[in-house]
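Input: a single structure, listed below in structure tokens.
Predicted, not measured: the structure shown is a model, and the values here were computed from it. Below, chain A is the first sequence line, B the second, and so on; all start at residue 1.
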Amino acid sequence: MTNREVAKTLDNIADILQIKDENPFKVRAYRQAANSIYGLDENINYLYKKGLLGDIPGVGKAIQAKIEELLDKGNLEYYDALLQEVPQGVLDILTIPGIGHKTVQILFAKLGIIDINELLQAALNQKIRTLPGIGAKTECAIINGIEMLKENKHYTLGLVLPIAEELLAHLKESEQVLNAALVGSIRRGKPLVSDIDILVSAEDEAGVRYNTANFRAVKQIINSEAGHIEGLLQYNIPFEVIIVADKDYYKSLLRTTGSKDHIKHLQILNNRDAAKDYQSEYQVYSFYNLDYIPPELREDQGEIEAAAEDSLPQLVNEDDIQGDLHVHSNWSDGSGKIAEIAQMADSLNYSYIAITDHSRSLPISGGLNEERLMAQGQEIDQLNAADNRIKILKGTEADILKDGSLDFSAETLREMDIVIGSIHSNFRLEKEKQTDRIVQAMKNENVDIIGHLSGRLLNRRPAYELDYDRILDEASKNRVILEMNSHPDRLDIDAELARKAREYNIKIAINSDAHHKQDLKLIKYGLMNARRGWLEKKDVVNTWSWEEIKAYIKK
DNA sequence: GCCGTTTTCGGCCCGACTGTTTTCAGTCG
């Protein structure tokens with residue numbers, strides 16, 4: 001069992017206990033343990049073997065025993081019994097925006113609704129509005145919410161990529177496999193993907209078949225015919241393994257990477273049969289008289305024309321990244337000490353890192369008031385004095401309040417090396433008001449970066465209404481940096497807007513928004529998205545030295 | 001259910017917004 005699966009189980013237990021209206025502190029205990037496990041650096045099986053489960057914050061005797069049972073037997077009696085009372089389908093209802101545990105409890109108790117489909121039927125029949133405390137508006141919100149969820153038949157790249165990489169590594173271990181790669185939308189770095197596609201070249205298909213079926217996360221093989229294996233992985237993620245002869249590998253690599261529009265456009269360009277033995281994708285593109293096109297650009301958005309004219313962008317690379325400008329510590333809702341985060345940043349060869357904890361209007365996240373912010377600054381000064389391998393920057397992720405002001409005084413903000421302004425409340429203002437609010441923040445001379453601009457949460461919450469032309473115009477005028485938030489649930493701003501921002505000469509910061517030190521590595525998702533937005537090194541401020549950034553943000 | 005330079009009990013982040021009400025409960029961050 002993986003860390004994620006253990007954490008998810010504890011989270012589900014918390015949900016069921018909350019629906020059953022049990023002691024809220026007990027609920028929180030399960031949630032905290034789950035959160036700790038989500039953020040662990042180590043494999044939980046390893047910790048169990050070493051007898052270190054009890055060292056995980058929030059894991060006491062009772063939860064430790066439950067984790068051990070899970071890891072030993074693959075299931076947990078306590079949890080199975082809870083599921084008898086409150087089935088999984090009831091928990092799924094919690095994913096509908098605006099529906100919490102109390103509402104789920106009422107739906108379950110009064111109408112016996114046990115899954116999303118039954119809920120939709122009841123809502124369409126106007127039965128929900130008859131329940132105590134629930135009216136027509138909520139009923140409508142339920143219908144809209146379910147429709148939104150049904151449209152989202154896609155998985156976030158953050159969920160799928162680690163499993164895909166594991167399956168790829170597993171296949172590569174086998175002797176029969178000559179070449180193998182992730183292909184399809186994963187290779188193109190799309191934030192949401194519908195399945196995992198892997199291309200394999202092999203002389204012996206039977207060996208590949210055997211190996212695929214033996215991968216630990218394979219739930220079911222649906223189809224297995226010549227050149228092709230199809231099935232389901234954990235979380236019901238569909239996967240496909242495409243097997244070709246080695247001489248066809250690079251041609252197939254291009255074809256299976258897609259996108260469909262990109263391939264179609266290529267074929268119109270040159271309809272001759274490219275039945276050659278290519279040694280690389282570069283060679284395939286040169287057959288079409290084109291420069292090599294990186295997978296992230298292959299969406300038929302002008303990349304083929306650019307490749308023909310030798311004017312493709314030199315996309316930003318992982319090696320270019322010099323630091324991270326948005327990281328939370330245990331001073332607010334992060335889990336790591338500043339010193340540990342700095343150490344991790346050093347191991348990633350960064351030269352600077354900004355500690356940007358929440359501000360006071362986010363009390364649930366332990367937002368800092370002026371006094372604590374200053375105290376944090378002193379700790380950072382001490383750390384910088386003790387160790388100069390990495391520069392720790394003093395920052396804040398200050399809330400943009402409803403009227404566009406920030407909840408720190410100008411005086412306090414001036415003390416900071418870097419200030420991110422972000423919205424964490426009032427998501428549903430009308431378009432003009434929401435835009436005014438952000439423009440107001442951008443005009444604030446102390447704001448350097450706007451964090452997660454659109455507020456979208458993939459598969460969960462749509463972006464809020466904004467006039468993006470006006471935003472880009474003002475960002476450019478006020479020399480405000482826009483954040484490319486790397487969290488795979490956000491990837492905000494999206495690639496399309498990033499590309500547009502580039503036209504306005506707006507600079508982008510690819511930030512991790514890490515809440516655990518391990519999350520610093522999430523930057524790879526932001527990088528993929530930045531590349532999909534055609535961004536080059538010069539567009540991305542955290543490819544620059546801190547001195548260069550400082551000179552840029554000094555307005 | 002966890003945790004403890006107040007350790008075996010008694011605490012354990014909260015404030016704004018929304019919808020349903022007519023003073024409040026539920027949700028969200």
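Partner assigned to B:dG19 is B:dC24, using Watson-Crick or G-U wobble distances below 3.5 angstrom.
Residue A:Ala65 is classed as having no contact, given no heavy-atom separation below 4.0 Å to the nucleic acid.
Identified under the salt bridge (charged side-chain N to carboxylate O under 4.0 Å, His left out) test for residues 356-366 of chain A, with sequence neighbours left out: A:Arg360-A:Glu370. Counting only residues at least two apart or on different chains, the salt bridge (charged side-chain N to carboxylate O under 4.0 Å, His left out) pairs with a member in residues 118-133 of chain A are A:Arg129-A:Glu139. Within the structure, every pair that satisfies the ring pair (Phe, Tyr, Trp, His ring centres under 6.0 Å) test and touches residues 409-454 of chain A, not counting sequence neighbours, is listed here: A:His358-A:His424, A:His424-A:His452, A:Phe427-A:Tyr464.
For DNA chain B, none of the residues of residues 1-12 of chain A falls under the heavy-atom distance limit of 4.0 Å. For residues 95-107 of chain A, proximity to DNA chain B is found at A:Pro97, A:Gly98, A:Ile99, A:Gly100, A:His101, A:Lys102, A:Thr103, defined as any non-hydrogen atom under 4.0 angstrom from a strand atom. Taking every heavy atom of residues 31-45 of chain A and every atom of DNA chain B, no pair lies under 4.0 Å.
By the salt bridge (charged side-chain N to carboxylate O under 4.0 Å, His left out) test, A:Glu147 pairs with no residue at all, sequence neighbours left out. Partners of A:His515 by ring-ring contact (aromatic ring centres under 6.0 Å, His included), not counting sequence neighbours, listed by chain and number: A:His328. Residues satisfying the salt bridge (charged side-chain N to carboxylate O under 4.0 Å, His left out) test with A:Asp115, not counting sequence neighbours, are none. Every residue meeting the salt bridge (charged side-chain N to carboxylate O under 4.0 Å, His left out) condition with A:Lys102, not counting sequence neighbours, appears here in chain and number order: A:Asp21. Legend: residues meeting salt bridge (charged side-chain N to carboxylate O under 4.0 Å, His left out) with A:Glu371, ordered by chain and number and at least two apart, are absent.
For DNA chain B, the contact window with chain A, defined by any atom under 4.0 Å from a protein heavy atom, covers B:dG1 to B:dG29 in 5' to 3' order.
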